[in-house]
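Reminder, nothing fancy here: chain letters follow the sequence lines and each chain counts from 1.
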Number of protein chains: 2
Amino acid sequence: MRNMSLVQTELVAVLVAFNGDTPRVLTLDDGRSLPNGPLKTDDRSLQASLRAAVERQTGVAVGHLEQLYTFADHPPADGEPRRVAISYLALTRVGAERPAEHANPFDDAGSPAAWRDWYDYFPWEDQACPRAASAIMAILQRLDGWITRKPPERWEELRQRRDQVFGLNGESWNDELVLQRYELLYEAGLVPEAHATDVGGDACVAGLAMRHDHRRILATAIARIRAKIRYRPVIYELMSDQFTLFALQQAVERVAGRHVHKQNFRRQVAHQGLIEETGEESREAGGRPARLYRFRRSVVMERAVAGSKLPIVRAR
Amino acid sequence: MRNMSLVQTELVAVLVAFNGDTPRVLTLDDGRSLPNGPLKTDDRSLQASLRAAVERQTGVAVGHLEQLYTFADHPPADGEPRRVAISYLALTRVGAERPAEHANPFDDAGSPAAWRDWYDYFPWEDQACPRAASAIMAILQRLDGWITRKPPERWEELRQRRDQVFGLNGESWNDELVLQRYELLYEAGLVPEAHATDVGGDACVAGLAMRHDHRRILATAIARIRAKIRYRPVIYELMSDQFTLFALQQAVERVAGRHVHKQNFRRQVAHQGLIEETGEESREAGGRPARLYRFRRSVVMERAVAGSKLPIVRAR
DNA sequence: AAGATTAATACTCAATATGAGCATTAATCG
DNA sequence: CGATTAATGCTCATATTGAGTATTAATCTT
């Protein structure tokens, strides 16, 4: 093996829980950081140690844990060591979370922790909610300004990118492009992080800011969840033991940031055979009582690992 | 920011090119390592620097480059620094590769490099080829031995896992489970890497071995490509400028390790509208001459970023 | 207690997509 | 000139998906 540079390596976790009505993410530092800490030399596997740390410190049973992405910051000018962040996504259950004594799962320092609506950081992502419309309106105006200050030969390309990413002019909104949207705003200087100096400030246009590249990591996490709920039953990791179909639908809608067709949603869920009736009913909402279901955890396995989508000839 | 450990961080690249008839991967060290090198402090972004390094050293135009996964090795007992590998997948074109003077894209040392059939490392993955059948036969026998040496209360679980991963007893073969299969073999001690001592040796049962966790990284890469060709047009990154539909089909078949239905494949490809006729014909093969096509690179964009698969209500 | 309201649930229908095949066409090979 | 090898064209049954309409069963209001 060749000689290698020494690099500061940190772990960053995006802990997501569905707190009643909206997906929330565990933050530190008055909402400006994600839980993070150094990779310790004596940790077992990255994944195992992260799971243990999270469960020990927050009391949360982490249902689903996966690596997100590894980010390197921009090379520091002043000879400081390079910082690399290995980010993870952790899904936890309603009510299971306990932002307890030690809120930072990596560190015993214990800075004030809080669960925050992830749409506070990305208001334009919540298409099911009217606030997105005004956020987008403001964003598009600023983007136009930015584009027109660029050389005219780039206008076409930039406008196309804007249309594609925000679902304009014939393109339709793609809820999975969270990161692409954030990066466009970043390039355009519309998010505070883009200016190294102040964090905070112009929050109404571009959502709450975070330190370092933590908002980029959060964007990556949201994009990953949105993509994943389409082909893997990860949404159940966010549900409590029993739930109504409507609650399940709302969870999906809040995560995806858009409405789904009720009847078709039920059909799809029923068709998958991943849940079963508990026999009980919920009459918390106004109308006709809804049946309660539970997730059939035993059936899961790696089953339903995406459909083939290739015209593969069956063996049988 | 808190204090952080110093960790040896290396980059590992899986360069894939379609060399005539089979997918090949660039290897060093007589096929036992993947190209790798340290993360340098002055590199720009991880991705950009990797792309530049690969293109400079191999002369390859890397069409598609994406991060794969970040692996941490097992914690070293003797107080050595922890090693972390950030792995990337790079797709290059037929004929574009030049395993040249400096074969290692990260290092000017220049150790002997070679493109090798990736199925040399995973013979059981090539379901379209008879050698897989014998490989699997041998593997299953060994696996059975391993399972029966475990406590009987685990037999059920382990057999289920074996069936699921190798497509036995009602389960069907899932070509995307490359990593899961490798890890099962690893746990069972059927791959040489599992015994720290000798690398090489019993290659006929479990394929060629690699140093460190490089074969695990290669497994991750193959799994990623197999998954990705289903919903993104990455297969074209491996094709030359002009190709016949049959060549395209063969590329998909060799990558996925299984046969596809010819007519349905053509229908699907035509339906996507991502390629266009060049007007020319190829009469290299025996029979009726085949039309030549080219990839419409302009149409790509982020389009076709997966189908919704959620019953989302359309805006329109 | 009747009617309004709120949900849950049941069905229908058309448009597409997918898996499997059969049939036809157009070259080369011996 | 017929056999062989591919490419290409079509058909058909089955699923899957997107959009609705209709019905049922509770609570809430007056």
Consider the side chain of [X], meaning its heavy atoms from C-beta on, and name the nucleotide among [options] that approaches it most closely.
X	options	value
B/N264	D/dA26, D/dT16, C/dA20	C/dA20
B/Q263	C/dT9, D/dC10, D/dA7	D/dC10
A/L245	C/dA27, C/dG19, C/dT9	C/dT9

> Looking at A/Q242, A/E277, A/E280, A/E276, which hits side-chain hydrogen bond (donor to acceptor under 3.5 Å, both in side chains) with A/R294?
Replying inline: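 Only one of A/Q242, A/E277, A/E280, A/E276 forms a side-chain hydrogen bond (donor to acceptor under 3.5 Å, both in side chains) with A/R294, namely A/E276.
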> Base, sugar-phosphate, or nothing: which does B/R291 touch, judged by heavy atoms less than 4.0 Å apart?
Replying inline: sugar-phosphate
> Hey, does A/Q268 reach any base, or is it just sugar-phosphate, or nothing, if we go heavy atoms under 4.0 Å?
Replying inline: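 Touches sugar-phosphate only.
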Can you measure [X] atom [atom1] to [N] atom [atom2] for me and round it to whole angstrom units?
X	N	atom1	atom2	value
A/H259	D/dA19	NE2	P	14 Å
A/H261	C/dC11	NE2	P	16 Å
A/E281	D/dA26	CD	P	7 Å
B/Q249	D/dT8	CD	C1'	13 Å
B/E253	D/dA6	CD	C1'	14 Å
B/F265	D/dA6	CZ	C1'	15 Å
A/R283	D/dC28	CZ	C1'	15 Å
B/E280	C/dA27	CD	P	16 Å

>> Main chain of A/V165, side chain of A/R181: is a donor-acceptor contact present, judged purely on distance under 3.5 Å?
In response: yes
> Of A/L65, A/V16, A/I235, which is the lone residue that meets side chain to side chain contact (heavy atoms under 4.5 Å, CB included) with A/L91?
Replying inline: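 Passing option: A/V16.
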>> Name the residue from A/L179, A/L89, A/V178 that meets the side chain to side chain contact (heavy atoms under 4.5 Å, CB included) definition with A/R224.
In response: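 Between A/R224 and the candidates, side chain to side chain contact (heavy atoms under 4.5 Å, CB included) is satisfied uniquely by A/L89.
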Any donor-acceptor pair under 3.5 Å joining the side chain of [X] to the base of [N]?
X	N	value
A/R266	C/dT9	no
B/R267	C/dG19	yes
B/R288	C/dT25	yes

>> Please verify the inter-ring angle class for A/F295 with A/Y236; under 30° counts as parallel, over 60° as perpendicular, anything in between as tilted.
In response: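 The rings of A/F295 and A/Y236 lie parallel, inter-plane angle below 30°.
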> Given C/dA8, is OP1 or OP2 found less than 4.0 Å from the side-chain N or O atoms of A/K262?
Replying inline: yes
